[in-house]
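Okay, so here's the structure we're looking at.
Just so you know, ligand 1 is whichever comes first in the structure, and atom 1 is the first atom listed for that ligand.
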Amino acid sequence: MAARRFVSSVCGFLSSIFALLLIIVITRTFVLAPRKHSAEPCQPQDTDFIKVEGELLERFQAAIRFQGVSYTPHVYNGEELAKTRDFIIKSYPKVHSSPLVEYEVVANYSLLYTVRGSDALLTPFLLMGHFDVVPVENREKWEEDPFGGNVKNGFIYGRGTIDNKQTVFGILESVEYLLKNGFQPKRSFYLAFGHDEETGGLEGAAGLAERLREKGVEKLEFVLDEGMTVLDGIVPGLDKPVALIGSSEKGSLTLKMSINCTGGHSSMPEKESCIGAMARAVSLLENNPQPSMFGTGPEKATFEHIAHKMALPFRVVMSNLWLFTPAVSWMLSRKPTTNAIIRTTTAVTMFNAGVKVNVIAPYAEVVVNHRIHPSSTVQETLNYDKQLVNDPRIQWDIIAAYEPLPKSPYGDTDFGYQTIRMSAEQVWAYAGVVVAPATLIANTDTRHYLNFSENIYRFSPTYMYPDDPPRFHGVNERISVKNWEQAVNFYLHLIKNADEAKLQPLHSHGHEL
Ligand SMILES: CCCCCCCC/C=C\CCCCCCCC(=O)N[C@@H](Cc1ccccc1)C(=O)O
Ligand SMILES: [Zn+2]
Ligand SMILES: [Zn+2]
């Protein structure tokens, strides 16, 4: 009898706990779930629209043909970068002759533009991009010549189409159009196009930032550089495209692990070679990823912004991360793209060892590239690796390192973020795009501009499907002709929206993809 009473009171207690949990989950999902940026009242349609055909398409195809490859810091194809620079100056006559525009070459190849506004009281903004590209490997795997700029099945193929010539030439096309149509900005703005972003921007972005300081620029309203993109079918549970605006940027730690061995004749090998010891270290690093930081950083805001647009089961889960964080962390860990949002990533990018087939390798070295989650640090990342590998024979050298960058605001009154958001919504309104802040999973030249503004964002108007992220620095990099057109119009909207003294209600019309 007593046992029965005990069991029924335990059951009663558990059922009330369950009921309480259910109430909390439902309340948070349908009542408290933050509705980010409820639809703004629409203003009269902005009829400005640049159609990409004829010379606008041919100019971008020509831009792709320049092979301005940067290899390592201060080592790049200067001749091709000079041709790109000269092509830019020749191809946009209004930009390069307007009395409103001052331009100059910095560090031989990079370009800095000052577009003078009429209202000196309005703080200028900066749009950035870069026209250098990474080298092409596996050329034979490309469907089209990586420097041909050919159009196939509606796509422009080429190295640099999405990293980052679409930004440089999208901005130039929009400014040329605006100047041709008598646009006279109230708010001044700068354009900074670098020539060595892919090796850290030590000449280009660093030189452009120094030049801004020399010109007396102290503060910028906001800075927009390449970055996250519009994702369609990549974020689980979301059947709408999401434009992720990089309001934070991961840190970076590039490590060299090395080990020396006795060497000698391969007929008398030790139990373990340098190569074996290093392979063990690599295997440990790859099979024990750095800990998930999901829910501790900016990625939490990403999902809070999109939860209300997700399919119901995901909406319930994302609105109750207090309960479902472990499950969501596991789910997001399963794909390289979403995994990159929730943890410090570990990429073993180089492995060199061995000198001859019959000689025991006297030395082995491995390069590991970490991108550090905003809730972690360089030191924590290094400590984790060393503790995991735990091999006193291995020497650790830091090749390059910088902490996660400062977080920029994304509130309803933050001019820079909201201007970028509105511009993205204007271009992709037809597709029902949702916009959210996010952590940029890679790195940009923005770290050279931190002193100019706390409002630094990383977003490229690139529309990506699940098979697109590997095209960054990879095979068959491409952009659809329609997305190139959207990129041009994104910058057109952005420049016009940024020319307002303060935030305006959204007027929007989408461009079919
Ligand atoms: C729920 C969220 C899902 C997230 C999915 C993310 C999908 C990927 C989308 C966009 C990522 C593209 C990154 C574009 C910017 C990268 C530019 C770049 O390559 N930067 C270099 C800069 C660098 C830094 C240090 C030395 C040399 C070069 C880089 O990051 O390596
Ligand atoms: Zn880039
Ligand atoms: Zn890149």
Side-chain angles (χ1 to χ4, degrees), residues 68-76 128-135 159-168 193-202 204-205 225-238 241-246 249-254 294 297-307 310 314 318 328-329 331-343 345 347 349 367 369-372 399-402 405 434 436-448 458-474 477:
V69 176
S70 44
Y71 299 94
T72 57
H74 314 296
V75 179
Y76 41 69
M128 297 169 53
H130 68 89
F131 52 84
D132 62 309
V133 295
V134 295
R159 178 63 85 219
T161 45
I162 61 171
D163 183 10
N164 176 241
K165 289 181 179 177
Q166 84 284 22
T167 287
V168 171
F193 302 141
H195 69 273
D196 63 346
E197 187 276 343
E198 295 294 1
T199 55
L202 305 180
D225 192 7
E226 66 179 327
M228 295 296 267
T229 60
V230 182
L231 306 173
D232 190 336
I234 293 177
V235 178
L238 194 60
V242 55
L244 294 179
I245 301 175
E249 178 175 322
K250 290 179 116 176
S252 180
L253 169 61
T254 303
F294 178 66
E299 73 288 336
K300 191 159 184 275
T302 305
F303 289 100
E304 284 174 348
H305 273 70
I306 63 180
M310 293 180 122
F314 286 87
M318 290 303 175
V328 176
S329 179
M331 178 187 64
L332 296 176
S333 300
R334 299 176 67 211
K335 281 197 287 184
T337 50
T338 48
N339 180 60
I341 284 283
I342 67 171
R343 60 169 30 92
T345 52
T349 54
V367 172
N369 182 242
H370 290 293
R371 303 300 170 111
I372 304 171
I399 295 176
Y402 42 87
L405 273 59
V434 59
T439 297
L440 175 59
I441 59 173
N443 293 105
T444 65
D445 274 342
T446 57
R447 70 182 177 286
H448 296 284
R458 299 95 177 160
F459 173 76
S460 301
T462 314
Y463 201 99
M464 298 176 72
Y465 293 99
D467 65 346
D468 289 322
R471 300 178 196 277
F472 273 103
H473 294 193
E477 185 176 347

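Scored by the salt bridge (charged side-chain N to carboxylate O under 4.0 Å, His left out) test, Lys335 finds no partners at all (sequence neighbours excluded). Taking Arg447 as the reference, nothing meets the salt bridge (charged side-chain N to carboxylate O under 4.0 Å, His left out) condition, with sequence neighbours excluded. Asp232 pairs by the salt bridge (charged side-chain N to carboxylate O under 4.0 Å, His left out) definition with nothing, not counting sequence neighbours.
In terms of protein heavy-atom proximity, atom 20 (N) of ligand 1 is nearest to Asn443 O, 2.7 Å. Nearest protein heavy-atom neighbour of atom 22 (C) of ligand 1: Glu197 OE2, 3.0 Å. Looking only at heavy atoms of the protein, atom 27 (C) of ligand 1 is closest to Glu198 O, 3.3 Å. The closest protein non-hydrogen atom to atom 31 (O) of ligand 1 is Arg371 NH2, 2.9 Å. Distance from atom 6 (C) of ligand 1 to its nearest protein heavy atom, with residue and atom name: Met228 CE, 3.8 Å. From the protein, the heavy atom lying nearest to atom 24 (C) of ligand 1 is Tyr402 OH, 3.7 Å. Of the protein's non-hydrogen atoms, the one nearest atom 16 (C) of ligand 1 is Ala442 CB, 3.7 Å. For atom 8 (C) of ligand 1, the closest non-hydrogen atom on the protein side is Ile441 CD1, 4.0 Å.
Residue-level proximity to ligand 1 for Asp163 is carried by the side chain, the only part with a heavy atom below 4.0 angstrom. Counting heavy atoms closer than 4.0 Å to ligand 1, residue His473 contributes side-chain atoms (C-beta onward) but none from N, CA, C or O. Here Leu231 has side-chain heavy atoms under 4.0 Å from ligand 1, and that is the only part of it that gets that close.
Remark: side-chain polar atoms of Thr302 are paired, donor with acceptor, to backbone N or O of Pro437 under 3.5 angstrom. At distances below 3.5 Å, not a single donor-acceptor pair connects side-chain atoms of Lys165 with backbone N or O atoms of Gly129. A side-chain donor-acceptor contact under 3.5 Å links Glu477 to the backbone of Thr161. Side-chain atoms of His370 do not come within 3.5 Å of backbone N or O of Ser252 as any donor-acceptor pair. No side-chain donor-acceptor contact under 3.5 Å links Ser333 to the backbone of Asn339. Checked by atom type and distance alone, the side chain of Asn369 never pairs as donor or acceptor with a backbone atom of Ala347 at under 3.5 Å.
Remark: distances from the non-hydrogen atoms of Ile341 to ligand 1 include one below 4.0 Å. Under a 4.0 angstrom heavy-atom cut-off, Gly200 registers as being in contact with ligand 1.
There is no side-chain donor-acceptor pair under 3.5 Å between Ser329 and Arg343.
Within ligand 1, the atoms closer than 4.0 Å to a non-hydrogen atom of Val235 are 1 (C), numbered from 1 in the order shown. Remark: ligand 1 atoms within the under-4.0 Å shell around heavy atoms of Thr229 are 9 (C). Every atom of ligand 1 with a heavy atom of Glu226 under 4.0 Å away is listed here by number and element: 15 (C), 17 (C). Residue-ligand proximity, Phe472 to ligand 1, at heavy-atom distances under 4.0 Å covers atoms 12 (C), 14 (C).
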Evaluate side-chain contact (heavy atoms from CB on, under 4.5 Å) for Leu238 paired with Val434, printing each intermediate quantity in order.
CA-CA 10 Å; Leu238 194 60; Val434 59; 4.2 Å; yes

Start with the C-alpha distance between Glu197 and Glu226, add both sets of side-chain angles, then the distance that settles side-chain contact (heavy atoms from CB on, under 4.5 Å), and finish with yes or no.
CA-CA 11 Å; Glu197 187 276 343; Glu226 66 179 327; 3.2 Å; yes

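Electrostatic pairing of Asp163 and Arg159 does not count as a salt bridge here, judged by no charged N lying under 4.0 Å from a carboxylate O.
Only protein atoms were considered; those of element N, O or S under 2.8 Å from the Zn ion (ligand 2) number 4.
Asn443 pairs in a side-chain hydrogen bond (donor to acceptor under 3.5 Å, both in side chains) with only one of the listed residues (Lys250, Glu249, Arg458), which is Glu249.
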